[in-house]
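Quick notes on the structure that follows.
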Amino acid sequence: MRERLPLFAGILLAVIAILSMTMFAVDQRQFALVNQFGEVKRIVTEPGLNFKVPLLQTVRYFDKRILTFEASDPERFITSEKKNVLVDWFVKWRISDPKLYYISVGGDEQRARTRLEQTVNAGLREEFGRRTVHEVVSGERDRIMSDVQVRADLDARKIGVNIVDVRLKRVELPSEVSEAVYRRMEAERKRVANELRSQGAAEAEKIRADADKQREIIVAEAYRDAQRIKGEGDAKATAIYAEAFNRNPEFFAFYRSLDAYRSSFRNRNDLLVIDPNTEFFKYYHGAGGSGTSAAK
C-alpha cells in the first residue's frame with residue numbers, strides 16, 4: 001500500500017494541474033476572452049467559474065469598469081481670434097466590445113489610450129478653432145465638451161471602446177497673452193465708463209436746461225398774472241373813485257384838497273411859496289379866512 005502512495009500522489013497532482021489549466025474564474029469587474037491560436041473563441045461577460053481546453057486555449061482579461069486618462073500637460077489650442085489658450089482635459093471611457101478591442105489594439109490599454117487621445121485632441125482643436133476666447137472660457141464650454149464627446153465616441157466605437165465623458169478641467173490664457181488681454185479689457189471698461197459719464201453729463205445738462213426753461217416760464221406767467229391782477233385792482237380802484245366822485249363831486253374835491261394840504265404841510269418847517277388866490281387854497285380860505293398869512 002505504501003508503495004502505491006507516490007503513484008496516487010502523482011495522479012492527484014496531475015489531476016489538480018489539469019483542472020487548474022482547464023478552469024478559470026472571471027471577476028465581476030472583468031471581461032474574459034478565450035483565445036485559441038490567436039483566434040477569439042468566446043467572450044465571458046458574467047462572473048463565475050468557467051472552463052477551457054488546456055494547453056490549446058488561453059484567457060485574456062480586460063477591465064469592464066469606467067477608466068480615466070488625462071493629458072499629461074496642458075495643451076495649446078488656437079481660437080478663431082488666433083489666440084493661444086492652455087487646455088487641461090480628461091476622458092472617461094470603457095471597453096464596450098472586448099473582441100473588437102482585442103482585434104483593433106491587441107488588448108493593449110496604452111495603444112487604446114493613444115488612439116483616444118489623438119481623437120479627443122483633434123476634436124478639441126477643431127471646436128476651439130471655431131470659437132472666440134470668451135466662448136471657450138465661459139460661454140460655450142459645456143457645448144464644446146458635449147460635441148467632442150459625441151464625435152470621439154463615434155471614432156472610439158471602431159476599436160470597441162465607448163467614450164463616457166470628456167471634461168475640460170482648465171482653460172486659461174498663456175501668461176504672455178493674459179496681460180495683453182487684461183490691458184485690453186481695462187481699456188474697454190474705461191471706454192464704457194467714459195461713455196456712460198458723457199451720457200450722464202449730457203442728460204444732466206438737458207435736465208438743467210429744461211428746469212431753467214420751466215423756471216422762466218413759471219416766473220413769466222406769475223409776473224403776467226400779477227400785472228393782470230394789479231391792473232384789475234387799479235381798474236376797480238379807479239372805478240370806485242370815479243363812482244364816489246360822481247356821487248358827490250364837491251365833497252370829493254374837498255377831500256382831495258385836504259389830502260393835498262396834509263401832504264404839503266407835514267412838518268412845521270414846511271414852506272410853500274404860492275399865490276394865496278390860486279385854486280389850491282380854495283377850501284383853505286373857506287375854513288378860516290386867514291389863508292394869506294398861513295400860506296406865507
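Sequential numbering from 1 along the given sequence is applied to the chain's residues.
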Among the clusters formed by ILVMFWY side chains lying less than 4.5 Å apart, do Tyr223 and Ile229 turn up in the same one?
no

Tell me, do Asn162 and Arg157 make a side-chain contact under 4.5 Å, heavy atoms counted?
yes

Charged N to carboxylate O under 4.0 angstrom, Glu172 versus Arg170?
yes

d(Arg76 CZ, Phe128 CZ) to nearest 0.5 Å is 13.5 Å

Atom pair NZ/CZ of Lys99 and Arg42 - distance to nearest 0.5 Å
13.5 Å

Would you say the side chain of Asn84 lies within less than 4.5 Å of the side chain of Phe77, judging by non-hydrogen atoms?
no

Starting from the C-alpha separation in whole Å, work towards a yes-or-no answer on side chain to side chain contact (heavy atoms under 4.5 Å, CB included) for Glu75 and Trp89.
CA-CA 9 Å; Glu75 297 189 38; Trp89 52 273; 3.8 Å; yes

What closest approach, in Å, do Ser104 and Lys158 show between heavy atoms, and which atom pair accounts for it?
OG-O, 3.5 Å

Taken to the nearest 0.5 Å, the spacing of Glu39 CD from Leu33 CG works out to 12.0 Å

Start with the C-alpha gap between Glu46 and Val26, add the side-chain angles, then the distance that decides, and say whether side chain to side chain contact (heavy atoms under 4.5 Å, CB included) holds.
CA-CA 7 Å; Glu46 298 298 329; Val26 179; over 6 Å; no

Looking at Glu205 and Arg208, does any basic side-chain N land under 4.0 Å from a carboxylate oxygen?
yes

Side-chain donor/acceptor of Ser96 to backbone N/O of Gly160, under 3.5 Å
yes

Please give me the minimum heavy-atom distance between Ile163 and Asp153, naming the atom from each residue.
N-OD1, 2.8 Å

Would you say that Arg141 contacts Val171 through its side chain, given a criterion of any heavy-atom pair below 4.5 Å between the two side chains?
yes

Find out whether Val133 and Thr79 are in side-chain contact, i.e. whether some heavy atom of one side chain is under 4.5 Å from a heavy atom of the other.
yes

Using side-chain heavy atoms (C-beta onward) and a distance below 4.5 Å, is Lys169 in contact with Phe90?
yes

Are any of the side-chain nitrogens in Glu203 or Lys206 under 4.0 Å away from the carboxylate oxygens of its partner?
no

Going from CD on Glu70 to CZ on Arg113, what distance comes out if it is rounded to the nearest 0.5 angstrom?
9.5 Å

Shortest non-hydrogen separation from Ala32 to Phe24 and the atoms involved
CB-CE1, 4.2 Å

Tell me which one of His134, Glu127, Glu135 satisfies side chain to side chain donor-acceptor pair (under 3.5 Å) with Arg131.
Glu127

Hey, could you give me the CZ/CD distance between Arg115 and Gln110, rounded to the nearest 0.5 Å?
14.5 Å

When you measure from the side chain of Asp97 to the backbone N and O of Leu100, does any donor-acceptor pair fall under 3.5 Å?
yes

Given side chains that start at C-beta, do those of Val87 and Val85 come closer than 4.5 Å, heavy atoms only?
yes

Are Val105 and Val120 co-members of a hydrophobic cluster defined by side-chain heavy atoms under 4.5 Å apart?
yes

Under a 4.5 Å cut-off applied to non-hydrogen side-chain atoms, are Asn35 and Val59 in contact?
no

For Tyr61 and Ala25, which heavy atoms make the closest approach, and how far apart are they?
OH-O, 3.3 Å

Could you walk me through whether Leu196 and Gln199 pass side chain to side chain contact (heavy atoms under 4.5 Å, CB included), step by step?
CA-CA 5 Å; Leu196 292 175; Gln199 293 176 356; 3.9 Å; yes

Under-4.0 Å salt bridge between Arg151 and Asp147
no

Using side-chain heavy atoms (C-beta onward) and a distance below 4.5 Å, is Val91 in contact with Asp165?
no

Hey, what do you get for OG1 (Thr58) to NZ (Lys52), rounding to the nearest 0.5 Å?
7.5 Å

Using the ring of each side chain (for Trp, its six-membered ring), is Trp93 parallel, tilted or perpendicular to Tyr101, with breaks at 30° and 60°?
tilted

As a quick check of understanding, evaluate side chain to side chain contact (heavy atoms under 4.5 Å, CB included) for Gln30 and Lys64, giving each step before the final call.
CA-CA 5 Å; Gln30 296 176 323; Lys64 64 165 60 173; 5.7 Å; no

If you group Ile, Leu, Val, Met, Phe, Trp and Tyr by side-chain heavy-atom gaps below 4.5 Å, do Val150 and Leu168 land in one group?
no

Begin with the C-alpha distance, continue with both residues' side-chain angles, and end with the deciding distance and a verdict on salt bridge (Lys or Arg N to Asp or Glu O under 4.0 Å) for Arg191 and Glu188.
CA-CA 5 Å; Arg191 184 190 67 78; Glu188 177 66 17; 2.6 Å; yes

Check ion pair Glu232-Arg228 (N to O, under 4.0 angstrom)
yes

Kindly give the heavy-atom pair with the smallest separation between Arg60 and Gly106, and that separation in Å.
NH2-O, 3.5 Å

Within 6.0 angstrom of Arg130 CZ, more than 12 heavy atoms from elsewhere:
yes

Applying the side chain to side chain contact (heavy atoms under 4.5 Å, CB included) test to Leu124, which of Val148, Thr119, Val136 qualifies?
Val148

Judged by modelled atom types alone, do Arg197 and Asn194 share a side-chain donor-acceptor pair under 3.5 Å?
yes

With hydrophobic residues grouped by side-chain heavy-atom distances under 4.5 Å, do Phe69 and Phe62 end up in a single group?
yes

I'd like to know if Arg94 and Asp63 make a salt bridge, using a cut-off of under 4.0 Å between side-chain N and carboxylate O.
no

Other residues, nucleotides and ligands only: do more than 12 of their heavy atoms fall within 6.0 Å of CD1 on Ile103?
yes

